[in-house]
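Some notes on the structure that comes next.
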Amino acid sequence: MIAILSALLPTFALIVLGYILRERKFLPDSFWPGAEKLTYFVTFPALLFSNTAKADLGSLPLFGIATAMLGTIAICTILILAARPALRVSGPTFSSLVQGAIRPNTYIGLAVAAALLGTHGLTVTALCVALVVPTVNVISVLACAHLGDNDRNPGILSLLRDVAKNPLLMACVLGSVFNVLGIGLPPIAGPFLEVLGRAALPVGLLAVGAGLDLGAARRAGFPVGISTVGKLMLSPAIAAGLCLALGLPATELAAVVLYAALPCSASAYVLARLMGGDAQMMASIITVHTLAAIATMPVIAILVQVV
């Protein structure tokens with residue numbers, strides 16, 4: 001248990017530090033959007049590409065990982081849709097709850113995998129990213145388009161094009177292509193990308209902390225509480241059940257369950273604001289999820305180690 005806490009605490013300490021740096025104005029507010037853009041478009045793609053390009057993908061139970069991960073998303077989506085009558089919220093608010101049920105914070109996920117599960121676990125998590133990013137983006141956009149307070153109704157081709165251009169997904173796909181073709185990490189470019197990728201986790205986690213809105217968290221009500229329990233507790237429980245049913249090995253099980261236990265991604269706020277969702281509710285969900293995950297993820301990490 002001490003080893004798990006020692007591995008996870010630096011991850012969440014960076015999130016707290018990011019919040020403190022922003023609150024104390026140690027850096028100008030204009031720094032954080034640039035840091036987020038650098039992380040999203042440069043350093044995280046470099047990390048994902050270099051990891052997938054050199055990984056031993058042939059040893060992974062790809063079908064089992066995909067079934068467990070996508071099955072978890074499908075079940076969580078069905079459950080939140082079934083709960084809509086009981087929640088009694090507006091369409092825009094419900095679209096934000098849908099996002100809160102399925103969108104993971106990839107930055108935290110990769111940091112946790114790197115700290116707890118090593119290179120193999122990081123590779124499994126990168127595979128989860130490649131599977132989950134397009135899936136949750138499609139569901140989230142459809143939810144906002146159908147339920148949000150706006151006139152935008154994106155066509156399927158436009159939707160698929162936007163998803164395909166996601167830099168994290170592109171990095172995973174390209175890295176997998178290099179891996180399958182036997183190219184691996186090319187000389188010069190490979191070491192360069194590995195060094196560049198090392199900046200992804202600390203900068204990304206600082207940006208997560210800088211984006212927290214404690215005012216929004218204080219306004220959180222019953223729907224946010226339901227969202228928090230669902231995303232941080234029910235989702236990993238579903239993932240664990242599927243992993244056990246599929247007979248996944250210990251590291252793969254731990255990676256999938258921890259990825260399912262992640263708090264909601266900050267990108268959900270951007271989509272809610274652009275497509276007529278409840279942005280205030282989304283800010284509450286993201287902040288409460290992230291703060292609560294400081295307590296729930298160590299417990300889940302301990303449980304998956306026991307399993």
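The structure presented is a predicted model; accordingly, all values stated were derived computationally and were not measured.
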In terms of hydrophobic clusters joined by side-chain contacts under 4.5 Å, are [X] and [Y] together?
X: Y40; Y: L38; result: yes
X: V16; Y: L212; result: no
X: I20; Y: I294; result: no
X: V89; Y: M281; result: yes
X: V208; Y: F41; result: yes

Measure the shortest side-chain to side-chain distance between [X] and [Y] over non-hydrogen atoms and say whether it is less than 4.5 angstrom.
X: R84; Y: L147; value: yes
X: Y259; Y: V112; value: no
X: Y19; Y: L214; value: yes
X: L185; Y: E194; value: yes
X: V98; Y: I139; value: yes
X: L117; Y: L122; value: no
X: F44; Y: P167; value: no

* **Pairs satisfying salt bridge (Lys or Arg N to Asp or Glu O under 4.0 Å), at least one member in residues 102-130, at least two apart** =>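 Not a single pair qualifies under salt bridge (Lys or Arg N to Asp or Glu O under 4.0 Å).
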
* Applying salt bridge (Lys or Arg N to Asp or Glu O under 4.0 Å), which residue pairs with at least one partner in residues 263-274 are found, sequence neighbours left out? ->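 For residues 263-274, and leaving out neighbouring residues, there are no salt bridge (Lys or Arg N to Asp or Glu O under 4.0 Å) pairs at all.
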
State the [atom1]-[atom2] distance between [X] and [Y], to the nearest 0.5 angstrom.
X: T119; Y: N51; atom1: OG1; atom2: CG; result: 7.0 Å
X: Q280; Y: D213; atom1: CD; atom2: CG; result: 8.5 Å
X: L47; Y: T106; atom1: CG; atom2: OG1; result: 11.0 Å
X: S265; Y: N137; atom1: OG; atom2: CG; result: 8.5 Å
X: M297; Y: I302; atom1: CE; atom2: CD1; result: 12.0 Å
X: L21; Y: L14; atom1: CG; atom2: CG; result: 10.0 Å

* **Steps toward side chain to side chain contact (heavy atoms under 4.5 Å, CB included) verdict (L110, L48)** => CA-CA 9 Å; L110 289 168; L48 290 171; 3.8 Å; yes

* Asked: In this structure, are over 12 heavy atoms from other groups packed under 6.0 Å from I188 atom CD1?
  ->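 Count not over threshold, so no.
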
* Asked: Judged by atom type as modelled, is there a donor-acceptor pair below 3.5 Å linking the side chain of S96 to the main-chain atoms of D278?
  ->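 Side chain of S96 to backbone of D278: a pair is present.
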
To check you understand the geometry: which heavy-atom pair defines the closest contact between [X] and [Y], and what is its length?
X: I286; Y: A266; value: CD1-CA, 3.8 Å
X: I285; Y: C264; value: CG2-CB, 4.2 Å
X: P92; Y: G276; value: CB-O, 3.4 Å
X: P298; Y: A295; value: CD-O, 3.5 Å
X: P134; Y: V129; value: CD-O, 4.1 Å
X: A130; Y: C172; value: CB-CB, 3.7 Å

* Stepwise side chain to side chain contact (heavy atoms under 4.5 Å, CB included) test for I102 and S140 -> CA-CA 8 Å; I102 60 173; S140 297; 4.1 Å; yes

* Check against side chain to side chain contact (heavy atoms under 4.5 Å, CB included), L201 and Y107 -> CA-CA 7 Å; L201 299 180; Y107 299 169; over 6 Å; no

Please tabulate, one pair per line, all N/O donor-acceptor pairs under 3.5 Å involving side-chain atoms of residues 58-82, not counting sequence neighbours.
{"residue": "S59", "atom": "OG", "partner": "D56", "partner atom": "O", "Å": "2.8"}
{"residue": "S59", "atom": "OG", "partner": "D56", "partner atom": "OD2", "Å": "3.4"}
{"residue": "T67", "atom": "OG1", "partner": "F63", "partner atom": "O", "Å": "2.7"}
{"residue": "T72", "atom": "OG1", "partner": "A68", "partner atom": "O", "Å": "2.7"}
{"residue": "T77", "atom": "OG1", "partner": "I73", "partner atom": "O", "Å": "2.8"}

* **Pair listing, side-chain hydrogen bond (donor to acceptor under 3.5 Å, both in side chains) test, anchored in residues 29-38, at least two apart** =>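 Residue pairs with at least one partner in residues 29-38: K25-D29.
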
Hey, can you pull the donor-acceptor pairs under 3.5 Å for the side chains in residues 221-246, sequence neighbours left out?
{"residue": "S227", "atom": "OG", "partner": "H289", "partner atom": "NE2", "Å": "3.0"}
{"residue": "T228", "atom": "OG1", "partner": "V224", "partner atom": "O", "Å": "2.8"}
{"residue": "K231", "atom": "NZ", "partner": "A260", "partner atom": "O", "Å": "3.0"}
{"residue": "K231", "atom": "NZ", "partner": "L262", "partner atom": "O", "Å": "2.8"}
{"residue": "S235", "atom": "OG", "partner": "A260", "partner atom": "O", "Å": "3.0"}

* **T52 vs T123, side chain to side chain contact (heavy atoms under 4.5 Å, CB included): CA-CA, chis, key distance, verdict** => CA-CA 6 Å; T52 52; T123 300; 5.6 Å; no

* Quick one: ring pair (Phe, Tyr, Trp, His ring centres under 6.0 Å) partners of F94, sequence neighbours excluded? ->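 None.
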
* Asked: For T93 and S90, what are the C-alpha separation, side-chain angles and deciding distance, and is it a side chain to side chain donor-acceptor pair (under 3.5 Å)?
  -> CA-CA 5 Å; T93 297; S90 67; 3.1 Å; yes

